[in-house]
Amino acid sequence: MTAAVRLESLRKVFPDGTVGLDDVSLEVPAGEFVAILGRSGAGKSTLLRCASRLVEPTSGRSFIGDLEVTGARGRALAKARARAGFVFQQFNLVRSYTSLENVLIARISHNSWLRGLIGLWTPHDHEVARRCLDEVGLSSKVDTPVRSLSGGQQQRVAVARAFAQEPSALFADEPTASLDPNLAATVLAMLKDYGKARGVPVLVNVHTIEHARRYADRIVGLSAGRVVHDGPASALTDEAVAAIYAAPRAAAPEDH
Amino acid sequence: MTPRRILLAALLATALPRVGRAQETLPPEIVLGFNPAENAQTLQRSADELARDLSERIHVPVRATVTLDYTTLVESMRSGHVHFAWLTPSPLVLAERLFGVRVLLTQVRRGQPTYFSALVVREDSRFRTVEDLHGGSIAWIDPTSTSGYVIPRYLLLRRGFNPSTFFTRQVFAGQHDAAVIAVQRGQVDAAAVWADPPGEGTGAWTRYLAHRAGPRLRPLMYSPPVPSDAIATTETFAREHPLLVRSVTSSLVAIGQSEEGRAILRRLNSTDGFVPSDLRQYDLVRQAFRATRDEQTRARTGRFDDPRSMQIFAALLVCAALLGAGVLSRRPRAQRWAAFGLFAVALGWAALAARIPMADFLKGWGDIGQFIRGMFPPDRRVIAEVMEATVLTVRLALVGTVVGIPLALLLGLLSAENVTPSGFIRRAARFACNLNRSIDLLIIGLILVSAYGPGAFPGVGALAIHTVGSLGKQFYETLETMDPGPVEAMRSLGATRLQVLRWGIWPQFTPHFVSQALFRFELNVRGAVVLGLVGAQGIGFLLQTYMRGAEYGKVTVVIAAVVTLVMALDAVSSRLRRNTA
Ligand SMILES: Nc1ncnc2c1ncn2[C@@H]1O[C@H](COP(=O)(O)OP(=O)(O)O)[C@@H](O)[C@H]1O
Ligand SMILES: [Mg+2]
């Protein structure tokens, strides 16, 4: 079975010279739930954004399914981005719109450009959007403006939006960082269930190791833009955790 | 007393029978006031020559001053700043209504103390009689012009035509040359201007069009003879200085009889000399003035721009550029000091022009008090007219704002970093905004009025153009503060650039858009009021008309209307903005 997400030597150097990603290669098969761990500034967000080309990688390639995301331009690039559903730490919803309206916008890649621009959604789109809101337990908040929802509810709308996109891969950048622990667990469980049910690979940046251990199939450790750990969640030792969170060594020569 | 004064006193004493009065105290200098004509510069020079000649004859310093307009001249007489005034007939009558005036002399031109007014039309036009002008348009000169407004208007009224309903459009051209040119160009059907005696067929239309190609004009109607300009003083001054007044009067007559005196007078509006006034001559003007003044004017009028205000604005523009250059140089200290120095020099230079002597400054307050007393009681007859003009002003502002908004939005979007990726397009759009913004609303108004003539269009146009720049800048500055989160989310959903704008930015921007557009409308209403001063239609124009006619009771009504309008708008728009936020 081919990998559902494949990253080949991804590298990102920001205009100011900061190296965000340093030669990252990763293969994630369909349905696998991967937790990405690392200190702040390790390159976790950059990794997910380069993989879906919200940020332009300096070099390397990214595949979702058999489509090379890094090769696309213009409309094709928009279509390629639509293959990856994205959940953000700050939800990034249109706050003046209702839950349903927010989720409907996710149908943009399934409609013609003009329909997407003026928001002329089909009955099928409405059906999908309501089903997704139902899936995250918000069927009672369909017509509530997002700005009057709680943080946890808003994140669930954002998750429903990613589901309604019908993505081939799910990326979540610290989706639980602004939520209390109980809500965090709910959101992670939803992402995991969705991945398992649809055979979609899920990559999640987290900062709580317990969550990683409990939900992830596999754990990838990043430090200074490099993969420093990669193994099954069940085999994650305390030493490995310590190594992931250790201060990154300066690019000094190795000890002899 | 200086020896010279004593000499004068002695002279007067011998020349005049009542010796006892010879002791009257003399003012330190006498001020001769002139109203502005086509060329203020040469007028000032000739007026100075006349003052010098007069001073040599009466042995008292004489200064000549040319005021900005008739109203200022009349008000300067009333406040005692001007002792003798050279007045055209209707300002004279205006002065008589405000305070006691003594008419001393009447000007003689072409051997006569009278001249004429005529209605002129294009030679090739279909107009044969005054009746034919029904439903047409006319250019007057200005509300205090005798031959260009007061007299012809009165004559029409006497024939049973109310000019306000007889013509569909009336404008004030400001100058006689502008009026005849407007007729020649076909901008208006007719104009009211000065004329030589009817048999000669000449007047403003032959004088000012002599060197211009294009259709000729012909007179359609002549007035009876109108008395020429008068030399007048106030009753108060005449009572306090009877000898001086007599001496000035006889000296002016003598100047007209001398060789070099006549040469000076020629340059002052082709004057041949002066004769003692026949007071009843001015009765025609008095009646006309009363009739036109008290008629309910429904002024659907505009005014051509005054070239003098153009000059003032140009000077202000230069000052602003200097200032801008100083503020903008964030460079080395020396440069900043240089800019500061330049600014200080410019300020000093500007202050010189302002000439603010303390005594006059305080006296000015007294004059303002007089103005305020004149404002009461308010003249309630004009309430309907003022309300109509107020509504017109709001309509102009509304159209100007609505026309400007789409372009402002386009420029705003093209200028915003989070909307337009191309740096080149962004810089070009910002440049367009800033260029537009840097030109004041009034200047745009003046330019449009001079290009299209007075009326509603230049007002709306100026407001629309001004809206594009100022609102465009406000839009892009706001757009750039929008939360980038939804934008990133839309990109991750596979939205194209325009779709990202629609869903990621627009919903966030809408409340700002509404409130900024509303506020701009509010500012544009105030702008529309001020634009009235440069010839756009509306309440500002009415204000100017009343001010120039010294009709302060009517001014009160306008001011009340403007204050009410601005307050009402503020209340409405702040409520609307609260609801959209
Ligand atoms: N737009 C940017 N410009 C410059 N440096 C950046 C930018 N975004 C991220 N970085 C740098 O890249 C590195 C990785 O950042 P990030 O991927 O956000 O880390 P993480 O998500 O693991 O906390 C950090 O050193 C960060 O400062
Ligand atoms: Mg991060």
Please rank V487(B), D483(B), T496(B) by heavy-atom pairs under 4.5 Å with chain A and give me the top one. T496(B)
Give me the atom names and distance for the closest heavy-atom approach of R81(A) to R491(B). CD-O, 3.2 Å
Heavy-atom distances under 4.5 Å only: say whether F171(A) touches chain B with side chain, backbone, both or neither. neither
Which heavy atom of L54(A) sits nearest to which heavy atom of S492(B), and what is that distance? CD2-N, 3.7 Å
Is a side-chain donor or acceptor of W503(B) paired with a backbone partner of V94(A) at a separation under 3.5 angstrom? no
Taking every heavy atom of F88(A) against every heavy atom of E488(B), the minimum-distance pair comes out as CE2-OE1, 3.3 Å
Within 6.0 angstrom of F14(A) CZ, more than 12 heavy atoms from elsewhere: yes
With only heavy atoms counted, which part of R49(A) is less than 4.5 Å from chain B, the side chain, the backbone, both or neither? side chain
If one checks every heavy atom of A106(A) against chain B at 4.5 Å, the contacting part turns out to be both
Chain B contact via L117(A) - which portion, at a heavy-atom distance below 4.5 Å: both
Looking only at heavy atoms and a cut-off of under 4.5 Å, which of G116(A), A84(A), G74(A), S52(A) has the most pairs with chain B? G116(A)
Does any backbone or side-chain atom of Q508(B) lie under 4.5 Å from a heavy atom of chain A? Answer side chain, backbone, both or neither. neither
Given heavy-atom pairs under 4.5 angstrom as the criterion, report whether the side chain, backbone, both or neither of Q165(A) touches chain B. side chain
For R426(B), does the CZ atom sit with more than 12 other heavy atoms under 6.0 Å from it, leaving out its own atoms? yes
Please report the shortest heavy-atom distance between N92(A) and A489(B), naming the atom on each side. O-CB, 3.5 Å
Closest non-hydrogen atom pair between G494(B) and A82(A), with its separation: CA-CB, 3.9 Å
Under 4.5 Å from a heavy atom of chain B, the part of S96(A) involved: side chain
How close do I108(A) and L493(B) get, counting heavy atoms only, and between which atoms? CG2-O, 3.6 Å
Heavy-atom cut-off 4.5 Å, strictly under: side chain, backbone, both or neither for L77(A) against chain B? neither
Pick from G504(B), A495(B), P486(B) with the largest number of heavy-atom pairs that fall under 4.5 Å of chain A: P486(B)
